[in-house]
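Keep in mind it's a predicted model, so treat the numbers as computed, not measured. As a basis for the values below, the full set of heavy atoms in this structure was taken, side chains included, without hydrogen atoms, waters or symmetry mates.
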Amino acid sequence: MQQLDWIVLTVTLLFIVCYGVYKTKGSANVEDYILANRETPWWTVGLSVMATQASAITFLSTPGQAYHDGMGFVQFYFGLPLAMVVISMTFIPIYNKLKVYTAYEYLEQRFDLKTRSLTSILFLIQRGLGTGITIYAPAIILSSILGWNLNLLNTIIGVSVMIYTISGGTKAVNVTQKQQMFIIMSGMFITFFLILHLLPNKMTFSNALHVAGAHGKMNILDFSFDPQNRYTFWSGITGGFFLMLSYFGTDQSQVGRYLSGKSDKESQMGLIMNGFLKVPMQFFILLTGVMVFVFFQFNPVPLHFNPINKTAVEQSKYASEYHLLQKQLDLLTVEKQKTNLLYVSSLNQQAENLTLREKINQLSEQEKNLHQEAKNIITKVNPKSETNDKDYVFIYFILHYLPSGLIGLLLAVILSAAMSSSASGLTALASTTAIDLYKRNLKTEKSPKHYVKATQYFTLLWGIIAILFACLGTMFENLIQLVNIVGSIFYGTVLGVFLVGFYLHYIKGNAIFWGAVISQSTIFVIYYYTIHIYPAGKEHLGYLWLNFIGAVLTILISLALQIVLPKAKEI
């Protein structure tokens, strides 16, 4: 990184922190601190909802996901627009009518205190883990770039977020997320068009899509019914729908965004805006990753993208074996470049050469084998090393091929996204702890200022816990999948509780409480025996289905329990 990159990065991040503190300091009451006094316009609600979900993991891992596996991941979001409609029609009117601070307040009014407490605790567990992951993701980037201690970076990033979040609460999160979304999307668009500019002469965007298609990267839709496939049209429209319904409808990090809206209509318009823009945004980010893949069809590609693993191998007795693989890959790259250029030439003559397309597939398989052999060597050096390097693909491209200044901007994009999602997570964790656990169980009345202070202290506490989670974090297969897996384990059960509350008035507190306990325990067992114990890509169940299964189990078990439980007075 050059001096200009450091200037761009530092100025951008300092501006966000200082602007957030300056605009929002001094909330006088809980409604102002937690819900921004319910004065947020619809477009700010929409941007805040998008920024909360668009963490650093999105811009770090999604391009790498597309680089390796293609565009199929976009199916994950197919259920989102429908979920936005359901939440707008059902969830928002109920929440606003009851004037709740958190989603879980509704559950006590509908069921009982123990059900409210259970869902609050389930939320705190999964969101605490999720917030730690959103801090950990960008720390990995800077650690590999600067060679700094990973735990130190986790602390620096976490503390930066805590400064303006503690100061201004939800209002600080809302005002900073507008700036962050502008930085994020500007940086991604500039990068996308720069990639196209860096492709060989006379190569059009259409040519690039054909090259990507020849490598199987443009297979967007999978209509198979195989539950082992992680991303299919059906898993996205069902499991994805239930995940999004739970995330946007019951996760306080999102509910808090639209509860701050001026009215039902403003909140609904903000969510519908998210429904219209989110899938195209994810499609664009994935397409950027595919274009990075196309770029590397005409430029040298590393044997492994993770610099830490590469350094470890080069300092081991396996260094010569690794270098031999790199030479084989370099020779293969030259042949691959020639073949891809000939294929592009045939496209320009409007006569696609199928023989060349077949050869491209063969060369691609040879390249995959070399990358796998490199991973095997890395495992020999250190059996505990995470050999999956998807999360390093995009950052490698940024550092090695983007011009000075733009590198700083792209790093600011990733860190801005980390700050926006982490800030939303901290405010949600703090408000849930303060309102659903602390205030609800406090025996004496306290002043509004007391609860503001309490929420600020809980923000500090959860910030420290999130940093500790980040320090304990280890690379999974892919960070964007890890955060969604964590959510999928818990979201189905919580969503089932809310759906029963909204639609099945026959079911009461005891039945739904024990139904949720049994359902969540069952999901842990299903996850362990169908997903956790199997290597990546060989799971017996796609994790998205956990959302559907958890919700359905909660509903059916609580319905059965309501029938068989004694008609005792509800607690």
Side-chain angles (χ1 to χ4, degrees), residues 30-36 38 40 45 48-53 55 83 87 90-92 94-96 98-110 115-134 161 165-166 169-174 177 243-261 267 270-271 274 420-440 451-452 454-456 458-459 461-463 465-466 483 486-487 490-499 501-502 516:
V30 178
E31 186 164 20
D32 188 25
Y33 189 80
I34 294 180
L35 299 180
R38 302 184 193 268
T40 308
V45 169
S48 186
V49 166
M50 291 178 67
T52 295
Q53 190 182 23
S55 67
I87 293 169
T90 302
F91 291 52
I92 289 177
I94 292 175
Y95 290 153
N96 283 343
L98 297 175
K99 299 293 182 184
V100 296
Y101 289 103
T102 74
Y104 316 107
E105 280 186 86
Y106 159 76
L107 295 179
E108 181 176 1
Q109 299 182 45
R110 170 62 177 86
T115 303
R116 173 184 180 179
S117 300
L118 174 65
T119 53
S120 300
I121 291 169
L122 290 177
F123 163 74
L124 292 174
I125 293 171
Q126 67 89 8
R127 182 48 52 199
L129 287 168
T131 304
I133 294 169
T134 60
V161 174
T165 306
I166 292 173
T170 290
K171 190 179 293 184
V173 175
N174 288 347
Q177 283 180 330
L243 173 60
M244 299 303 172
L245 195 61
S246 184
Y247 175 55
F248 289 98
T250 72
D251 189 309
Q252 183 61 26
S253 66
Q254 284 291 5
V255 174
R257 308 279 67 75
Y258 56 78
L259 283 183
S260 68
S267 298
L271 275 189
N274 179 60
S420 68
S421 54
S422 300
S424 295
L426 290 182
T427 56
L429 290 163
S431 60
T432 300
T433 307
I435 300 299
D436 294 293
L437 299 180
Y438 176 72
K439 183 180 179 182
R440 178 59 185 82
Y451 292 112
V452 172
T455 307
Q456 289 175 324
F458 283 127
T459 303
L461 173 64
W462 277 108
I465 292 173
V483 75
V486 170
F490 293 96
Y491 277 143
T493 298
V494 175
L495 176 61
V497 174
F498 277 88
L499 292 178
F502 291 148

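At a cut-off of 3.5 Å, with distance as the only test, a side-chain donor of Ser246 or Thr250 sits close to an acceptor on the other residue. Ser422 and Thr134 form a side-chain donor-acceptor contact under 3.5 Å, judged by distance and modelled atom types alone. Neither side chain, Thr131 nor Trp462, offers a donor N or O lying under 3.5 Å from an acceptor on the other.
With values rounded to the nearest 0.5 angstrom, Ser253 atom OG is found 7.5 Å from Gln126 atom CD. Taken from CG in Leu122 to OG1 in Thr493, the straight-line distance is 7.0 Å, to the nearest 0.5 Å. To the nearest 0.5 Å, the span separating CG on Leu437 from CZ on Arg116 amounts to 8.0 Å. Atoms CG and OG1, from Leu124 and Thr433 in turn, are 4.5 Å apart once rounded to the nearest 0.5 Å. Distance CD/Gln254 to CZ/Arg127: 8.5 Å, rounded to 0.5 Å. Atom-to-atom distance recorded for Phe498:CZ and Ile94:CD1 is 10.0 Å, nearest 0.5 angstrom.
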side-chain contact (heavy atoms from CB on, under 4.5 Å) between Leu495 and Tyr247, intermediate numbers included: CA-CA 8 Å; Leu495 176 61; Tyr247 175 55; over 6 Å; no
Kindly indicate, with the supporting measurements, whether the criterion side-chain contact (heavy atoms from CB on, under 4.5 Å) is fulfilled by Asn96 and Leu259. CA-CA 7 Å; Asn96 283 343; Leu259 283 183; 3.7 Å; yes
Applying side-chain contact (heavy atoms from CB on, under 4.5 Å) to Leu271 and Arg257, what does each step give before you reach the verdict? CA-CA 10 Å; Leu271 275 189; Arg257 308 279 67 75; over 6 Å; no
Verdict with reasoning, Phe502 to Tyr106, per side-chain contact (heavy atoms from CB on, under 4.5 Å): CA-CA 10 Å; Phe502 291 148; Tyr106 159 76; 3.3 Å; yes
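Contacts of Thr115 classified as side chain to side chain contact (heavy atoms under 4.5 Å, CB included), with partners at least two apart in sequence or in another chain: Phe111, Asp112, Val497, Ile512, Phe513. Taking Tyr95 as the reference, nothing meets the side chain to side chain donor-acceptor pair (under 3.5 Å) condition, with sequence neighbours excluded. With sequence neighbours excluded, the residues forming a side chain to side chain contact (heavy atoms under 4.5 Å, CB included) with Ile121 are Ile125, listed by chain and number. For the salt bridge (Lys or Arg N to Asp or Glu O under 4.0 Å) test, no residue two or more places apart in sequence or in another chain qualifies with Glu105. Taking Tyr104 as the reference, nothing meets the side chain to side chain donor-acceptor pair (under 3.5 Å) condition, with sequence neighbours excluded. Judged as a side chain to side chain contact (heavy atoms under 4.5 Å, CB included), and not counting sequence neighbours, the contacts of Leu461 are Phe458, Ile465.
Proximity of Asn274 to Phe248: side-chain heavy atoms (C-beta onward) are separated by under 4.5 Å at one or more points. When side chains are defined from C-beta on, Ile87 counts as touching Tyr258, because their heavy atoms get closer than 4.5 Å.
Residues Gln252 and Ser431 come closest through the heavy atom pair CG-OG, 3.7 Å. Val45 approaches Gly261 most closely through the heavy-atom pair CG2-CA, 4.0 Å. Scanning both residues, Asp436 and Ser120, for their nearest heavy atoms gives CB-OG, 3.4 Å. Residue Ala516 comes nearest to Leu118 through the heavy atom pair CB-CD2, 3.7 Å, listed as atom of the first residue, atom of the second, then distance. Of all non-hydrogen atoms in Ala430 and Thr455, the two that sit nearest each other are CB-O, 3.5 Å.
Using cut-offs of 30° and 60° for the angle between ring planes, the Tyr451 and Tyr438 rings count as perpendicular.
Using modelled atom types, one side-chain atom of Thr40 and one backbone atom of Ser260 make a donor-acceptor pair closer than 3.5 Å.
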